[in-house]
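This structure is in structure tokens; I'll ask about it shortly.
Within every chain, numbering begins at 1; the chains are lettered A, B, ... in the order of the sequence lines, protein sequences first and strands thereafter.
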Protein chains: 2
Amino acid sequence: MDTSQRREQRTASAAEERRRELLEAADRVVLRDGPEASMNAIAAEAGITKPILYRHFGDKSGLYRALAKRHTDALLANLRAALDAPNERRDRVEATLDAYLSAIEARPQVYRFLMHPAENANAADSDRGFDIGRHSAPVLRRMGEELAGFIAERLDLGPEGEVAARVWGHGIVGMMHAAGDWWLGERPVARDVLVRHLADLLWGRLAAVGDRPGAARL
Amino acid sequence: MDTSQRREQRTASAAEERRRELLEAADRVVLRDGPEASMNAIAAEAGITKPILYRHFGDKSGLYRALAKRHTDALLANLRAALDAPNERRDRVEATLDAYLSAIEARPQVYRFLMHPAENANAADSDRGFDIGRHSAPVLRRMGEELAGFIAERLDLGPEGEVAARVWGHGIVGMMHAAGDWWLGERPVARDVLVRHLADLLWGRLAAVGDRPGAARL
DNA sequence: CACTGGGCGTTACCGCAAGTAACAAGCACG
DNA sequence: CGTGCTTGTTACTTGCGGTAACGCCCAGTG
């Protein structure tokens with residue numbers, strides 16, 4: 001069936017094109033109204049109605065996952081570039097922190113969408129309520145895994161190196177995220193100051209610094 | 001109006017008692033069904049109907065905030081105790097990490113409830129969608145602030161000490177949270193191993209460790 | 001040419017959860 | 001007794017995610 005194959009290809013590529021358009025419409029709405037945007041609103045922005053969205057993405061979390069993937073891919077590319085530069089280790093760490101913080105500072109709406117926790121579509125947990133764990137946003141998981149792989153590959157951590165790298169990867173990402181979230185809300189200092197303090201923390205200053213002179217109680 | 005005062009006091013204390021009962025019923029339901037429990041289910045568990053819940057707590061996020069406060073208070077008390085012990089700094093840090101991880105390991109349902117992000121009742125953001133920042137769960141914010149205060153009080157961080165302490169407080173809490181969340185999901189190692197790796201990270205091992213021997217590209 | 005199948009699109013609906021209005025009963029106090 | 005407050009109810013509205021059932025168009029086929 002030659003003709004039918006061609007037909008399939010053509011319709012398939014057209015469908016993908018359509019899907020991209022729908023994603024872009026969804027992106028506009030989500031960046032305007034936040035993650036609580038309704039499917040109706042997204043469909044309206046795309047000039048269509050709900051059932052089409054559902055045909056393309058299954059359900060809302062499917063749409064949001066597709067949307068999050070795009071932004072996450074872009075962000076990860078930035079971070080990888082910063083982490084992979086041929087500098088001193090400290091410089092690379094600072095550059096990576098700065099890249100992340102620049103991203104969330106420049107596009108807080110994207111940040112908000114990526115962190116909002118409505119994209120948890122696990123299939124095999126219905127019989128028992130045991131979907132504990134996995135509360136960080138997928139973007140954080142991916143960043144953590146990525147960084148873990150990088151650490152395991154580049155650093156000599158000896159035995160237990162695999163586990164240590166994973167702990168460090170997720171831990172460092174969590175540190176960056178929490179500090180960034182706090183900073184984004186209050187904005188008490190300039191970005192480079194924040195970066196320096198975080199790098200200091202990672203560089204062991206917590207262990208090196210002395211007790212406070214006047215601290216009577218301890 | 002002596003009698004009316006007494007009456008007020010009595011009814012007030014009775015209302016508080018009732019409120020406690022309602023909170024305990026809500027707690028049972030939430031720990032059984034997860035944070036997506038419906039107000040109907042909670043009311044049923046308490047043996048009443050919805051409007052009474054709304055009279056007591058305003059709305060669902062009010063109820064959840066009251067519920068979260070209890071658990072957060074308890075958790076913070078534990079952490080404070082671990083952090084305040086008269087040991088070496090490293091021992092105290094490890095004890096605190098272990099206290100947190102023990103808590104989330106022992107009662108993952110509580111953890112799940114505390115981390116779920118449905119308790120965001122900000123009042124002054126309706127005109128513009130600018131409630132960016134503040135995506136971590138309130139429990140993380142509180143832990144971060146608490147730790148920041150502790151650090152600022154005990155450690156001699158020189159100038160910029162206030163800011164540095166806040167960055168570190170939120171950063172360390174975020175590190176602990178992210179690593180704990182990952183660990184709780186996969187459970188690849190025992191708790192004390194995780195604690196050691198996290199403490200190593202805080203103690204600057206990231207800076208101290210060498211490049212991997214076979215790492216050609218760099 | 002008539003015809004038929006499948007993708008695009010619609011309207012109209014279901015179920016469910018948050019939140020509210022309006023009303024009923026117990027009970028202390030004047 | 002009756003008045004007012006708290007506790008409680010039923011029954012509703014609104015808004016969302018998700019779906020069923022149907023119309024349209026148009027490429028290929030006999």
Next on the checklist: Rounded to whole Å, how long is the line connecting atom CG of B:N40 with atom P of D:dC12?
Outcome noted: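 Checked: the CG to P distance equals 15 Å.
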Next on the checklist: Looking only at the side chain of A:I48 (C-beta and beyond, no hydrogens), which of the listed nucleotides C:dG9, C:dA18, D:dG17 gets closest?
Outcome noted: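 Of the options given, the side chain of A:I48 lies nearest C:dG9.
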Checklist entry - When you check the phosphate oxygens OP1 and OP2 of D:dG8, does a side-chain N or O of B:T49 lie under 4.0 Å from one of them? => result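 Answer no for this pair, as no side-chain N or O of B:T49 is under 4.0 Å from OP1 or OP2.
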Item to check | Presence of salt bridge, B:R166 and B:E162, under 4.0 angstrom | outcome: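 Yes, this pair counts.
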Checklist entry - For the pair made of CG in A:L22 and P in C:dC8, what is the distance, rounded to whole Å? => result 10 Å
Checklist entry - Under a 4.0 Å N-O cut-off, is there an ion pair linking B:E24 with B:R20? => result yes
Item to check | Distance, rounded to the nearest Å, where B:L53 contributes CG and C:dA17 contributes P | outcome: 15 Å
Checklist entry - Taking NZ, NE, NH1 and NH2 as the nitrogens, is one of them in B:R112 or B:D181 under 4.0 Å from a carboxylate oxygen of the other? => result no
Item to check | Residue-phosphate contact under 4.0 Å: A:R55 side-chain N/O, C:dG9 OP1/OP2 | outcome: no
Checklist entry - Are B:T96 and B:R92 linked by a side-chain donor-acceptor pair shorter than 3.5 Å? => result no
Taking only N/O atoms, report every protein-nucleotides 19-21 of chain C pair under 3.5 Å with atom names and distance.
unit_1, atom_1, unit_2, atom_2, d
C:dG19, OP2, B:Y54, OH, 3.4
C:dG19, OP2, B:K60, N, 3.0
C:dG19, N7, B:K50, NZ, 2.8
C:dG19, O6, B:K50, NZ, 2.5

Item to check | Interatomic distance, A:I42 CD1 vs D:dG18 P [rounded to whole Å] | outcome: 11 Å
Checklist entry - Does A:D192 pair with A:R196 as a salt bridge, N-O distance under 4.0 Å? => result no
Next on the checklist: Measuring from the side chain of A:I52 (C-beta onward, heavy atoms only), which nucleotide among C:dG9, C:dA22, D:dC16 has the closest atom?
Outcome noted: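 It is C:dG9.
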Checklist outcome for this item: To the nearest angstrom, the CD-C1' distance between A:E21 and C:dC8 comes to 13 Å
Checklist entry - Between D:dG8, D:dC16, C:dT11, which nucleotide gets closest to the side-chain atoms of B:R18? => result D:dG8
Next on the checklist: Applying a 4.0 Å non-hydrogen cut-off, can you work out what A:S38 is touching in the nucleic acid: base, sugar-phosphate, or nothing?
Outcome noted: sugar-phosphate
Checklist entry - When the distance from CZ of A:F57 to C1' of D:dT19 is rounded to whole Å, what number comes out? => result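 Checked: the CZ to C1' distance equals 18 Å.
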Next on the checklist: Measure NE2/A:H56 against P/C:dG7 and give the value in whole Å, please.
Outcome noted: 11 Å
Checklist entry - Sub-3.5 Å donor-acceptor pair from the side chain of B:W168 to the main-chain atoms of A:H197, do we have one? => result yes
Next on the checklist: A quick test of your reading: do over 12 heavy atoms of other residues, nucleotides or ligands sit less than 6.0 Å from CZ of B:R107?
Outcome noted: no
